[in-house]
Every structure is written in structure tokens, then in C-alpha cells.
Protein chains: 2
Amino acid sequence: MNINISKIAKMARVSTATVSRVINNPEKVSAKTRERVESVISKLGYVPNQQARSLRSQQTKMIAIIVPHSADYLFTYPYFSIFLRETSLELSRLGYHLILTTDEPHNSVIDTYRVFTDKRLVDGFVVLDLKNEDERVDFLKLRNIPFVAVGRNEKDKDISFVDTDNEGGAYLAGKHLARKGCSHVLFINGPADQSVSLWRERGFQKAAQEMNFTFLGRNGDFVEKSGFEITKKHLGQFDGIFAASDLMAIGALKALREEGVSLPVVGFDDIPISSDVSPSLTTIHQPIDEVGRRAAINLIRLISEDHTETTILPVELIVRESSEVKR
Amino acid sequence: MNINISKIAKMARVSTATVSRVINNPEKVSAKTRERVESVISKLGYVPNQQARSLRSQQTKMIAIIVPHSADYLFTYPYFSIFLRETSLELSRLGYHLILTTDEPHNSVIDTYRVFTDKRLVDGFVVLDLKNEDERVDFLKLRNIPFVAVGRNEKDKDISFVDTDNEGGAYLAGKHLARKGCSHVLFINGPADQSVSLWRERGFQKAAQEMNFTFLGRNGDFVEKSGFEITKKHLGQFDGIFAASDLMAIGALKALREEGVSLPVVGFDDIPISSDVSPSLTTIHQPIDEVGRRAAINLIRLISEDHTETTILPVELIVRESSEVKR
DNA sequence: TTGTATGCGTTATCAC
DNA sequence: GTGATAACGCATACAA
């Protein structure tokens, strides 16, 4: 009762092979029969069964994003769903679908990767939240499974990745704070094992040398609370703050407000809410939508053309109220 | 070279049928051969090929969430990714995977549903953002495809759904505002065609009657900007605000602050940031994580047991600073 | 250019 | 309790 390729073949008075060709290699079929087959296809509204195609062609047309349990903060980050939206949209355009999953807390990080691979569920992975030493990358390289990383590290320079200019962004933030008169800055960075933190530290370091200011570096975990706590803890030891995420910057501002202190604060990301909080947030804008799109594009390019593509996207300083000083 | 069921069969000196039984109906195999087969399976690390299983069993073990283009605000809502996380996690536990996608702007709303169905890509859908009249529901019902709705409407009472007690939540908000001395409230509701808006209007109405206050109802679109604009527009016509989302409440507060007015404001959702903005937000807490989990559970229950389950989860008033009046 | 035939890796039906 | 075998729906090597 389900309409399949042989029903189409029968109705168009051709073989199933020809129907298949019309769908996958139309140029190999004469115009006349092609038209006949196509008309039957559209009349019956036939759509090939993806499961059968996958089994036969050994391609699932599926891409997985496995959010590590350790990167749970991603789910509370407004930023993240925009990334998901763009990645999934671009994948659709390229004929792929996105499977979103998290790993089980008690399992090893790569267990989920292993299962997905062994079940032949997907053709490739998007690896988020790249670490300086990343066992997921090791695993996927070893098994020769296509993937694209979001972020980049020193160790794995030969892989497909998309990243933003984190070093340049941190540099811009540092320069801006220096111009606002800061000489001892509290730098609330992300977790130390994340590659992104390394780049930002580097860029901030560079600005500090050039602009002749010092800074106190601490590691947060990207969410409000850590920004709040780190700020409270080091109060009095700085005259400006650079936070590696807008949420941490918002936490920092809250701490400052509680203490009745007003100092320049710069965040990172430019999430939607940053322009609506009070004071509105000076921050480094990342083109997250473009990151999502490029992740999809680079991955599919790797899969279909075996081409390793690396993309580094520019960032931008957005000046708003939080870096205005009223001393 | 790929390890499959017949390789296992050969090594365990049984037929493929027996291997399959060991995997799917172990009780139909004698203990002795079962153990032998199992040991080979674990020794070789064999995992059944999902594509072959899907083709044969006509079950993909995949569930899709198609985010309508019209519900794009979901992607900027912190709320949403928590929902995704819990749904996907619960689905995994139940042996399913989550496909996340958006529909193409220029297509009809149900086109993507049609494609997913025709390609036999998924076993069911999670329908978000339920409308009072929802063509997606009509389509899925007609085709007899399993789905669970998040939200409920008057028209489709016979479907599996998960919802929160929106009516009760709005009632609580109304009562709270009345107790804070409000007599003319600005009610910034969600879009009029969404079922959730209807329930909240109903609950708020009820509180207004009981507590003897009046209100001005307007429809926003859940994001900051609309809360901001509606508040600005009606300034002077109210002495308290109830917004149907925390983001709109934050927008409303921003507008009030700009005008130098301080009035009680209550939001809805209790997104993570609501406790960290200033003033912190009084709001109706929704158990979004539980909503996500239940969506998965109810859907799989429908698929595997053909059981239609409806769940309505309780909400809670969280009192914070934004409803404290300093007149 | 088109058709025939085979197999992708499973599960399920039927014998034994 | 176990095995042989036929599908599931499609794509492709090979033959014509």
C-alpha cells in the first residue's frame, strides 16, 4: 500500500533502475522517459524512503550535535539556540538533518559518540566547546569520522573548524578599557581547559602590554553566578572588568551595583538581552548565526568533497552604557 | 569488513535468526546459546545497524521537533533550550533520538511535516507553540501520525499533550498584583492566536473579577521589545503590569525606568536570568524541564502503547523585587 | 539509454 | 529452541 519505487516504475512502464536514475542521476536518462517518470512521481507525490536509501548508500544524511554534560551552561545561554537554529537551517538546505542530544552524566564523554557511530546513525558531528586537549577529536580522527569543531586549539590544526577571532576580540576589549582609564582590570575568563579561554587570554595580554595596564585573571564558567562571585571576591583590587561572556558581565554588574561601585565593564558575545539590561552592556559581538551556518557548510564540504575548511570570523566592539564611567 | 549480524552468527555457530532473537527477544533463546551469542557480541563490540533495523521494522526511533518560522522567538528564549535538553535526554533514555529543525519561511507550515513523514524519517512529532486552530494538528490527525502537543486548546481535546496550568498562573499573578494595591493593570499577553494566551487571559479575568480590579489587555510577541513598547504606549493608564513572559516583563521594567516610574511588575516563566536582573523579577515559575520530559514520555507512550496521555503541570508564584512598590 | 539482478543488514514467518 | 529464507525499498554493476 505504501508507494515505492517499483510502483512508480510500473506506472511509468520503466524499470526501477530508471526511476532511481531519474531521481539521482537525471542526466543519465533520456529527456522523454525522464519526463514520463517525473510526471508519475509528482502525480503520486512519491518521496523516496530515507531508511532504504541510507541502508543502500551507507549515508544517513544526519549530523549529530552531542552537548557534553560538562557544557550544560550552553543550554542556559541564549546564544546557543541561535546557533542551533542556523546550523539546522543550513543543514536542511544542504539536504541533511540535525540530531541534537546530550551525553549521559555517568558515561565517558565519547561513549555517546561511539554509540552514534556504531549504530550508523549519522554521517558526521559538530563538536562544540572545544578543549585544548580534546578526546572527542582524538576519537573521531582515529575512526576517520567527519566532524567540524566550533573553536580551535593548538594541538589540532589540521581539522575542519569554525571560530571567531577571540584573540582579536579580547584585544579590542582591553584597548577599550584602557582608553576608559582602567589600569588594573579584573579579567573573568571562561574555564581554563577550553581553547577559547586561551585565545582570549592571549589577546587581552597583548592589549595589556600595548596599553600598559595590568590585570587579574580568574576563571569562571560563563554564567551569571560566577561573574557575580568573582567580582565580589576581588572587590577593591581593580578599576574595570572584562568578562568572557555577557552573562558573567551581567553578574559582575550586579555585584558592583550591590556594592555601590561604578566601573567600566565589558562582556563578550552580544547576546540579545545585552542591549536591554540596565546599564546596557558594552561587549564584543560574535556573529553567532554565521558561526552556525559555517559549521554546517564546512562539515558537509568535508563529507562530500573531503575538503578541510577552516573559518575564522571577525568580531566587533559594541559600545554601550556599561563602559561609561561616572566617577 | 563491517561487523554485522551474520558475522556474529558465524562466530557463535548459530543462524542470524538466533542472533536477532538474542538481541530482541532473549527469552526465546536457550540460556546456553544466548550466553554464547552474547559473549561474541560483546567481544566484537557489535551494535546493530539502525538503518537496516529501521527499514525492516518500519520504525526509525526518531522524533522531530519542527520549530515554525513564526515561532522564531523560541530561539531567543532561554527557556527553550532547557526544554530541548530535557526532551532529548528523556528521549534518549527511551531509546529515541531528537531531530531538531525549522521550517523554511516561504513554505507552508505543514510542508516540513509532510516531507518528514513521506521520507519516513521519524516515528512522531513534538508540536510546539500550539494555536487555537492548528493546521499541524489537523494534518497529523488526518495522517494518523503520533504526536504530542505542548499546550492545549479547546478544539483538540482528544490528543496527547503536556501543558502547564497557565490559567492558574495568571490567576496567581492577578491576585498578587491586587494585593499590592493595583486597580488598573496593564496585561501584556502573548499573541492572540496562541492557545496559551487564551488560558492566561481566562485566569487573569477570573482574578480581576474576584479581586475587583480592571485591566487593559494587549498582545505582545514574548520578547523584550514588545513589552517595552506596549508599556510606553499606555503609560499613565495603569498602576501595575502583568506580562506573559519574563522577557516582556524585563522590557516593561526598562520602559518604566526610563520614565522614572515604579510600579509592581509580574512576569511569566521564571527564566534563569529573572533572578539576576535588577530589580529581580516576580514571576510565575513554570517547570519547563518537567514539561520537556513529559513531552517525551507521553509521546513514546502513544507510539508504543497507543495510549493518549494528557499532563497539566502546576505553576508557582515567585515573589521577588519587581512587585515591591515604593510609592 | 535502459533493464536485470544483487545486496545493503535486519527482522519475522515458517518450517523443522 | 533453532535455522532457512523472504522481505523492507532502494541504488548500482553489469549486460543488453
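Residue numbers begin at 1 in each chain, while the letters A, B, ... track the order of the sequences.
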Would you mind classifying the nucleic acid contact of [X] as base, sugar-phosphate or nothing, using non-hydrogen atoms under 4.0 angstrom?
{"X": "A:Ser57", "value": "nothing"}
{"X": "B:Thr33", "value": "sugar-phosphate"}
{"X": "A:Arg21", "value": "base"}
{"X": "A:Val14", "value": "sugar-phosphate"}
{"X": "B:Gln58", "value": "sugar-phosphate"}

Point to revise | Under 3.5 Å donor-acceptor, B:Asn49 side chain and B:Ala52 backbone | key: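 Yes; at least one donor-acceptor contact below 3.5 Å.
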
Review point. Is a side-chain N or O of A:Gln51 found less than 3.5 angstrom from the main chain of B:Arg120, in a donor-acceptor match?
Key: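 Side chain of A:Gln51 to backbone of B:Arg120, a donor-acceptor pair under 3.5 Å: yes, one is there.
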
Nearest-nucleotide pick for [X], side chain only, options being [options]:
{"X": "A:Asn24", "options": "C:dG3, D:dA11, C:dG9", "answer": "D:dA11"}
{"X": "B:Tyr46", "options": "D:dC10, D:dC8, C:dT10", "answer": "C:dT10"}
{"X": "B:Asn49", "options": "C:dT11, C:dT10, D:dC10", "answer": "C:dT10"}
{"X": "A:Ser30", "options": "D:dC8, C:dT2, D:dT2", "answer": "C:dT2"}
{"X": "A:Leu55", "options": "D:dG3, C:dT10, C:dC8", "answer": "C:dC8"}
{"X": "B:Val29", "options": "D:dC10, D:dT2, C:dG9", "answer": "D:dT2"}
{"X": "B:Ala52", "options": "C:dG3, D:dT2, C:dT10", "answer": "C:dT10"}

Review point. Is there a side-chain polar atom (N or O) of A:Ser15 under 4.0 Å from OP1 or OP2 of C:dT4?
Key: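 Result: no.
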
Practice item. Please state whether the phosphate of C:dG3, meaning OP1 or OP2, lies under 4.0 angstrom from any side-chain nitrogen or oxygen of A:Thr18. Key: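 Result: yes.
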
Which whole-number value in Å describes the distance from [X] [atom1] to [N] [atom2]?
{"X": "B:Lys28", "N": "C:dT13", "atom1": "NZ", "atom2": "P", "answer": "8 Å"}
{"X": "A:Gln50", "N": "C:dC8", "atom1": "CD", "atom2": "P", "answer": "19 Å"}
{"X": "B:Asn25", "N": "C:dA12", "atom1": "CG", "atom2": "P", "answer": "7 Å"}
{"X": "A:Ile5", "N": "D:dT12", "atom1": "CD1", "atom2": "P", "answer": "11 Å"}
{"X": "B:Lys7", "N": "C:dC8", "atom1": "NZ", "atom2": "P", "answer": "11 Å"}
{"X": "B:Asn2", "N": "C:dG7", "atom1": "CG", "atom2": "P", "answer": "17 Å"}
{"X": "A:Asn4", "N": "D:dA11", "atom1": "CG", "atom2": "C1'", "answer": "14 Å"}
{"X": "B:Arg120", "N": "D:dC8", "atom1": "CZ", "atom2": "P", "answer": "13 Å"}

Practice item. Please name the residue in the list B:Tyr79, B:Phe80, B:Phe222 that meets the ring-ring contact (aromatic ring centres under 6.0 Å, His included) test with B:Tyr73. Key: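 Only one of B:Tyr79, B:Phe80, B:Phe222 forms a ring-ring contact (aromatic ring centres under 6.0 Å, His included) with B:Tyr73, namely B:Phe222.
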
Exercise for review: Ignoring hydrogens and angles, state whether a donor on the side chain of B:Asn24 or B:Arg53 is under 3.5 Å from an acceptor on the partner side chain.
Suggested key: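 Yes - a donor-acceptor pair under 3.5 Å links their side chains.
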
**Study point:** Side chains of B:Glu309 and B:Ser160, donor plus acceptor under 3.5 Å
**Key:**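 Checked: B:Glu309/B:Ser160 side chains show no N/O donor-acceptor pair below 3.5 Å.
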
Practice item. Using the closest heavy atom to pick a nucleotide of DNA chain C for each, name whichever of B:Ser6 or A:Ala17 lands nearer the 5' end. Key: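 In this pair, the answer is A:Ala17.
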
Review point. Charged N to carboxylate O under 4.0 angstrom, A:Lys131 versus A:Asp129?
Key: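 Yes, charged N to carboxylate O under 4.0 Å.
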
**Study point:** Base of C:dT11 paired with side chain of B:Arg56 (donor-acceptor, under 3.5 Å)
**Key:**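 Under the 3.5 Å cut-off, the side chain and the base do form a donor-acceptor pair.
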
